[in-house]
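Residue numbering restarts at 1 for every chain, and letters A, B, ... go by the order of the sequence lines.
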Protein chains: 2
Amino acid sequence: MQLKSLRLFMAVAETGSFVAAAKRLHTVQSNVTTHIKKLEEELGVQLIHRAGRVRPTSAGLALVEYAERMLTAHDEAVSLFKGQEKACGRLRIGAMETTTALRLPPILAAYHAAQPDVDIQLKTGPTAELVELLLNGQVDCAFVAGRLEHSRSHVLKAFSEELVLVGSMPMTTMPSSQALLASAFMAFRQGCSYRQRIELLLASYGVNAGRIFEFGSLDAMLGCVAAGMGYTVLPRGTVDAHKHRFGIHTLALPASIAHIDTYFVAPEPATWTPALASFADMLCDAVVVDELNLTAS
Amino acid sequence: MQLKSLRLFMAVAETGSFVAAAKRLHTVQSNVTTHIKKLEEELGVQLIHRAGRVRPTSAGLALVEYAERMLTAHDEAVSLFKGQEKACGRLRIGAMETTTALRLPPILAAYHAAQPDVDIQLKTGPTAELVELLLNGQVDCAFVAGRLEHSRSHVLKAFSEELVLVGSMPMTTMPSSQALLASAFMAFRQGCSYRQRIELLLASYGVNAGRIFEFGSLDAMLGCVAAGMGYTVLPRGTVDAHKHRFGIHTLALPASIAHIDTYFVAPEPATWTPALASFADMLCDAVVVDELNLTAS
DNA sequence: CCAGCGTTATCTCAAAAAAAGATAGTAGCT
DNA sequence: AGCTACTATCTTTTTTTGAGATAACGCTGG
């Protein structure tokens, strides 16, 4: 059974004429006859009354319902990829907790305004997990810390973050090695790239990674820091946005450790759905604008 | 876009291999490549990741949903016509009021027991209207009084009825011409074949069709006869079934007028859905059994 | 009842497409 | 680095499709 045959069949059913159906689909009457005949042979039943008025038989009417479902699904699939202007369908984004909290809200809002028909799904997790999700095709794109080693991926530097030490008390200098050793550190669960920085930081002070508590959410983590449980390391922007709420304090870290980039990663552009393509487009523009602003200031 | 290509695409998506997909659908790998490639060209997007593991891209996953809808609809359509054993779908039956009341209930019950997946739709109307519905394809088959003149139709004599005169008082002889002239007659609405018999009956008594009241339902009609409004003419079986309820009385009519056959009519068998085919089969058997019973007794 | 008109079925040929096999190229694995 | 298993490409054969010409059919009006 071919979709082409079903289209011809529907045209015959609607126009009540083989000639008219042929004209509508830009072909000749003999082809309509052949296609209908083939459908009839395939299903073992006469689909069209030829005697007198040309119209669908009972069997034909029954087929109409299924043909409509098939053709509608086909048309929708085509318009998903070939539809001009508005994208539709689904966009699954993976992002780190900190990116989700600070960077994503305005981006997603802008995207939703531009593409209201796209169903946005957001998954949060540490970098390593996000990379895994991306490679398994469980997300369409992701925001991760650090360049993806994988070749054949589209990578775009999205945001630059400055990591700061976060504690419950005001700090002017780095706490002593002993103080660090005595404190707990809060981090996202295994695979978080910020966690590596914490370990790097502790190592640079000659301290072995001591107690590291794992958290799944930013709020819980900051809450514990505020309660004096210990320290954490987070992007300055993320902490600033929550400073007042939690009553926490920050200290700049050495540049070598502090600077971290967030990248937008996705498979090759050739594999993108229109929804993803327009998201990447928007992001690219936003980043360029961002960089211009930085240059200007 | 071809359904065949979509099947191959789904097989690739499921098996994660072009070779396996080819094997599953009994073809060779090069054809799988060609079909997928054609799909990709048509939609302007890469559907399958070839590097490393073979798996659907984001765009491919989006297509999967539509492909499933198309292929499911296709499979259902095929099984509607080619499905062995149980028929499914819809069966639209047209029947006269009297047939519906007396003959159809046991038949429909038996059919529903045999084909529980068929959605039965019953339309009631006079013969002329039913013939019209049948010719317009608004019912799949019909029970009508009198042979259908139309050629290219499947016709089966389904039931033989004996018409009787129905009145509110016991009758031993035909009412006088004057009594008939003074009385009203109840009939179904225009197009009812029994109504023609009433007029024939009156004519044979030299009486012009006087007042004929039209009814849409059997119950209403018998109720009015019982109330002494006048006479009607109906199959004996139909009246007998309601005699006690209404307190009405019958009188045999002359054989020439009394005898009337109900036919099962439908388009050519080649146009039948499996649901209609099994209904006609059942009916045919039932009629044969009926005739054997009559012969035996 | 028959001729004329419009419609569908059939036939034919050329062109296009699909299927299958052979081969080359590529990625992952040891 | 070489082996293995996979996909892409190329080629040939076969099948299918599309379009035109023509025959057959069924209405309709005289």
**Asked** So, Arg55(B) side chain and Leu135(A) main chain: donor-acceptor pair closer than 3.5 Å or not?
**Response** yes
**Asked** Can we call the ring centroids of Phe159(B) and Phe264(B) under 6.0 Å apart?
**Response** no
Taking atom [atom2] of [N] as reference, at what distance in whole Å does atom [atom1] of [X] sit?
{"X": "Lys23(B)", "N": "dA5(D)", "atom1": "NZ", "atom2": "P", "answer": "11 Å"}
{"X": "Glu40(A)", "N": "dT10(C)", "atom1": "CD", "atom2": "C1'", "answer": "15 Å"}
{"X": "His49(A)", "N": "dT8(C)", "atom1": "NE2", "atom2": "C1'", "answer": "16 Å"}
{"X": "Leu3(A)", "N": "dT17(D)", "atom1": "CG", "atom2": "P", "answer": "13 Å"}

**Prompt:** Counting only heavy atoms not in Glu85(B), do more than 12 sit closer than 6.0 Å to its CD atom?
**Reply:**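 12 or below, so no.
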**Thr33(B) vs dT7(D): side-chain N/O to OP1/OP2 distance below 4.0 Å** = no
**Item:** Phosphate-side-chain proximity, Lys37(A) and dT8(C), N/O vs OP1/OP2 below 4.0 Å
**Value:** no
Does the pair [X]/[Y] count as a salt bridge with the N-to-O cut at 4.0 Å?
{"X": "Arg92(B)", "Y": "Asp140(B)", "result": "yes"}
{"X": "Lys38(B)", "Y": "Glu42(B)", "result": "no"}
{"X": "Glu68(B)", "Y": "Arg7(B)", "result": "no"}
{"X": "Glu129(B)", "Y": "Lys123(B)", "result": "no"}
{"X": "Lys86(B)", "Y": "Asp117(B)", "result": "no"}

**Request:** Would you indicate what Val54(A) reaches in the nucleic acid, counting non-hydrogen atoms under 4.0 angstrom: base, sugar-phosphate, or nothing?
**Result:** sugar-phosphate
**Message:** Please give me every residue in residues 12-22 of chain A whose heavy atoms get under 4.0 Å of an atom in DNA chain C, ordered by residue number.
**Reply:**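 Heavy-atom contacts with DNA chain C come from Ser17(A), Phe18(A), Val19(A).
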**Request:** For each nucleotide in nucleotides 18-30 of chain C, reading 5' to 3', give B when a protein heavy atom comes within less than 4.0 Å of its base, S when such contact involves only the sugar-phosphate, and - otherwise.
**Result:** SBBB-----SS--
